[in-house]
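Working notes, structure below.
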Amino acid sequence: MQDYHEFLDEVLIPDDVLQKRIAELGAEISRDYKGKDLLLVCILRGGVVFLTDLMRHISVPHSIDFMAVSSYGVGVRQHNAQSRITLDLNTDIINRNVLLVEDIVDSGYTIKAVLDFLSTRHPKSLRVCTLLDKAERRKINVPIHYRGFTIPDKFVFGYGLDIDEYYRNLPFIGVLSKEHYCPEA
Ligand code: IMP
Ligand code: MG
């Protein structure tokens, strides 16, 4: 795999801006869940970098667990209405306050599938925290309670988000250059 510079058009959200906003989200979540029990559910794999930074800004006692979802469409840029849960929780969520931690909400199908799946287990509350919201691409209405940034309709990578599974480690959110953008991939 080439160096990431090959794919980078521009840095959309630099490291320091991400970290400042994540600290604000952590403070807001800490206020809202004060005195309540909290379970953070990270959606793998994109949400994992965000989770580990966010949780260190959440001052209320909480536990974490992980889920994975895959779209039937092959390739990172194709999403459709059929999402499949490929990794389930290890935690019983009945009567628990569940907060989903996601990297990006695009069409909304992924988060909708997770919300539908988990709500049948009767959590006390079920909310969504996403770092990025590509709002203009939304296909179905989904509730977002905590949002880091609303971003334009561009393919982004870094800070958990991948290009064909690479570059999740980058500390910033970058925009994929147009010569590499391939919506049908
Ligand atoms: P949705 O189901 O269309 O809302 O898509 C959500 C999932 O698509 C995210 O969890 C990401 O894995 C992936 N995704 C959507 N947009 C991007 C992007 O710009 N870069 C990388 N992954 C993306
Ligand atoms: Mg993802």
Side-chain angles (χ1 to χ4, degrees), residues 1-2 4-14 17-18 22 25 40-54 64-89 98-119 126-185:
M1 203 62 174
Q2 303 97 311
Y4 75 84
H5 289 97
E6 169 85 9
F7 297 98
L8 184 66
D9 181 29
E10 54 163 345
V11 172
L12 185 66
I13 312 173
V17 177
L18 279 174
I22 291 165
L25 287 173
L40 300 178
V41 170
C42 174
I43 319 259
L44 295 172
R45 291 180 282 266
V48 75
V49 180
F50 178 38
L51 171 82
T52 56
D53 279 342
L54 179 68
I64 62 170
D65 203 348
F66 298 88
M67 281 183 70
V69 188
S70 76
S71 310
Y72 281 116
V74 181
V76 288
R77 276 143 250 162
Q78 185 171 315
H79 305 285
N80 55 37
Q82 291 163 316
S83 299
R84 190 165 50 97
I85 309 295
T86 55
L87 177 73
D88 198 352
L89 298 172
V98 176
L99 180 58
L100 299 177
V101 178
E102 177 60 304
D103 52 355
I104 186 166
V105 179
D106 184 14
S107 67
Y109 289 133
T110 302
I111 207 74
K112 176 73 164 65
V114 175
L115 287 169
D116 288 350
F117 183 73
L118 294 183
S119 58
L126 183 55
R127 288 184 167 187
V128 173
C129 175
T130 186
L131 179 66
L132 305 176
D133 181 3
K134 228 189 253 182
E136 57 190 88
R137 293 248 312 168
R138 200 63 34 80
K139 295 271 169 34
I140 42 164
N141 195 30
V142 286
I144 296 177
H145 300 89
Y146 306 96
R147 172 188 291 101
F149 303 88
T150 299
I151 63 164
D153 179 12
K154 291 179 173 172
F155 191 86
V156 293
F157 67 105
Y159 201 80
L161 295 110
D162 67 302
I163 301 173
D164 298 338
E165 296 301 327
Y166 284 83
Y167 313 123
R168 296 187 193 273
N169 59 302
L170 300 175
F172 55 83
I173 300 286
V175 176
L176 179 67
S177 56
K178 287 185 188 60
E179 61 264 37
H180 290 107
Y181 184 71
C182 171
E184 307 311 322

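As the structure lists them, so they are numbered: ligands from 1, and atoms in each ligand from 1.
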> So between Lys154, Lys134, Lys112, whose heavy atom ends up nearest atom 16 (N) of ligand 1?
Replying inline: Lys134
> Any side-chain heavy atom of Phe50 sitting closer than 4.5 Å to one from Val48?
Replying inline: no
Between the side chain of [X] and the main-chain N/O of [Y], is any donor-acceptor distance below 3.5 Å?
| X | Y | answer |
| --- | --- | --- |
| Arg168 | Phe157 | no |
| Lys134 | Lys154 | yes |
| His145 | Val128 | yes |

So is [X] touching ligand 1 or not, going by heavy atoms under 4.0 Å?
| X | answer |
| --- | --- |
| Arg137 | no |
| Gly46 | no |
| Phe155 | yes |

> For Ile111 and ligand 1, does the shortest N/O to N/O distance drop below 3.5 Å?
Replying inline: no
> Looking only at N/O atoms, are Ser107 and ligand 1 under 3.5 Å apart anywhere?
Replying inline: yes
> According to the interplanar angle, ranging from 0 to 90°, do the rings of Tyr167 and Tyr4 count as parallel (below 30°), tilted (30 to 60°) or perpendicular (above 60°)?
Replying inline: perpendicular
> Counting only heavy atoms, which portion of Leu161 has something under 4.0 Å from ligand 1: side chain, backbone, both, or neither?
Replying inline: side chain
>> Test of understanding: given a 4.0 Å heavy-atom threshold, classify the contact between Asp103 and ligand 1 as side chain, backbone, both, or neither.
In response: side chain
>> Could you walk me through whether Leu131 and Leu18 satisfy the side-chain contact (heavy atoms from CB on, under 4.5 Å) test, starting with their C-alpha distance in whole Å, then the side-chain angles of each, then the deciding distance to 0.1 Å, before giving a yes or no?
In response: CA-CA 9 Å; Leu131 179 66; Leu18 279 174; 4.1 Å; yes
>> If the cut-off is 4.0 Å to any non-hydrogen atom of Glu102, which atoms of ligand 1 fall inside it?
In response: 10 (O)
> With atoms numbered from 1 as shown, which atoms in ligand 1 lie under 4.0 angstrom from a non-hydrogen atom of Thr110?
Replying inline: 1 (P), 2 (O), 5 (O), 6 (C)
>> Quick one about Tyr159 and Asp103 (side-chain donor to acceptor, distance below 3.5 Å, no hydrogens or angles considered), yes or no?
In response: no
